[in-house]
Amino acid sequence: MEHTVPDSALSDQLGRSVKSIQEKRRKIRRYNEAGRPPHKQPTFNEQFYDAARLWKEGKIPALEGARRCGMPNSTFRFRANRLYAEKEQSEPSEE
């Protein structure tokens, strides 16, 4: 498996250890050698953002938001919480 970025540089960019990056590469290699298709990351389209907003406002349960997006409940909650945490960090505080 070819890669252009050295593990040490990738470690600095991602904030992970070199050992964890090497282990992830090994897992990916083993997974691909088994003849399985690569795992697809969920796409974040308007449906996700609308469902996340409605969930954060308390208008729908997380399970309904996850169903609308076609992803597992835990993934939906994790991604939606991360989305709103990033928005809160980027907004300047009013004092």
Side-chain angles (χ1 to χ4, degrees):
M1 177 156 75
E2 295 292 322
H3 53 278
T4 57
V5 180
D7 291 342
S8 58
L10 195 56
S11 169
D12 293 338
Q13 290 174 358
L14 298 176
R16 305 270 192 238
S17 69
V18 173
K19 185 176 180 177
S20 69
I21 291 170
Q22 291 171 343
E23 181 61 28
K24 183 67 173 181
R25 289 189 195 278
R26 272 190 231 104
K27 286 181 180 180
I28 291 170
R29 192 175 306 118
R30 273 185 275 157
Y31 188 82
N32 290 338
E33 287 173 358
R36 297 183 187 118
H39 180 72
K40 287 176 44 179
Q41 291 291 332
T43 57
F44 299 108
N45 52 22
E46 283 301 313
Q47 285 179 318
F48 171 76
Y49 294 112
D50 289 341
R53 180 181 49 79
L54 290 172
W55 173 65
K56 274 298 194 184
E57 292 172 355
K59 295 181 179 175
I60 62 172
L63 193 57
E64 173 64 20
R67 187 193 59 76
R68 289 181 183 189
C69 299
M71 61 177 65
N73 185 27
S74 58
T75 302
F76 174 77
R77 285 184 288 114
F78 175 78
R79 302 287 183 191
N81 280 327
R82 179 187 272 181
L83 173 70
Y84 281 94
E86 289 172 359
K87 281 187 179 182
E88 290 172 2
Q89 287 178 353
S90 65
E91 293 176 356
S93 62
E94 297 178 22
E95 292 184 16

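One-based numbering along the sequence shown.
Scored by the salt bridge (charged side-chain N to carboxylate O under 4.0 Å, His left out) test, K59 finds E57 as partners (sequence neighbours excluded). Legend: residues meeting side-chain hydrogen bond (donor to acceptor under 3.5 Å, both in side chains) with D50, ordered by chain and number and at least two apart, are absent. Partners of R68 by salt bridge (charged side-chain N to carboxylate O under 4.0 Å, His left out), not counting sequence neighbours, listed by chain and number: E64. Under the rule for a side chain to side chain contact (heavy atoms under 4.5 Å, CB included), the partners of K19 that lie at least two apart in sequence or sit in another chain are S17. For A66, the side chain to side chain contact (heavy atoms under 4.5 Å, CB included) partners two or more places apart in sequence, or in a different chain, are N73, F76. Shown here are the side chain to side chain contact (heavy atoms under 4.5 Å, CB included) partners of L83, two or more places apart in sequence or in another chain: F48, Y49, A52, K87.
Other members of the cluster containing I21 are V5, L10, L14, with ILVMFWY side chains joined at under 4.5 Å, either directly or via other members.
The CZ atom of R16 sits 15.0 Å away from the CD atom of Q22 when rounded to the nearest 0.5 Å.
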Q: Show the numbers, then the answer: is there a side-chain contact (heavy atoms from CB on, under 4.5 Å) between K27 and Y31?
A: CA-CA 6 Å; K27 286 181 180 180; Y31 188 82; over 6 Å; no

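The two atoms that bring C69 and Q47 nearest to each other are SG-O, 3.9 Å, heavy atoms only.
I60 and Y84 fall within the same hydrophobic cluster, defined by Ile, Leu, Val, Met, Phe, Trp and Tyr side-chain heavy atoms under 4.5 Å apart, directly or through other members.
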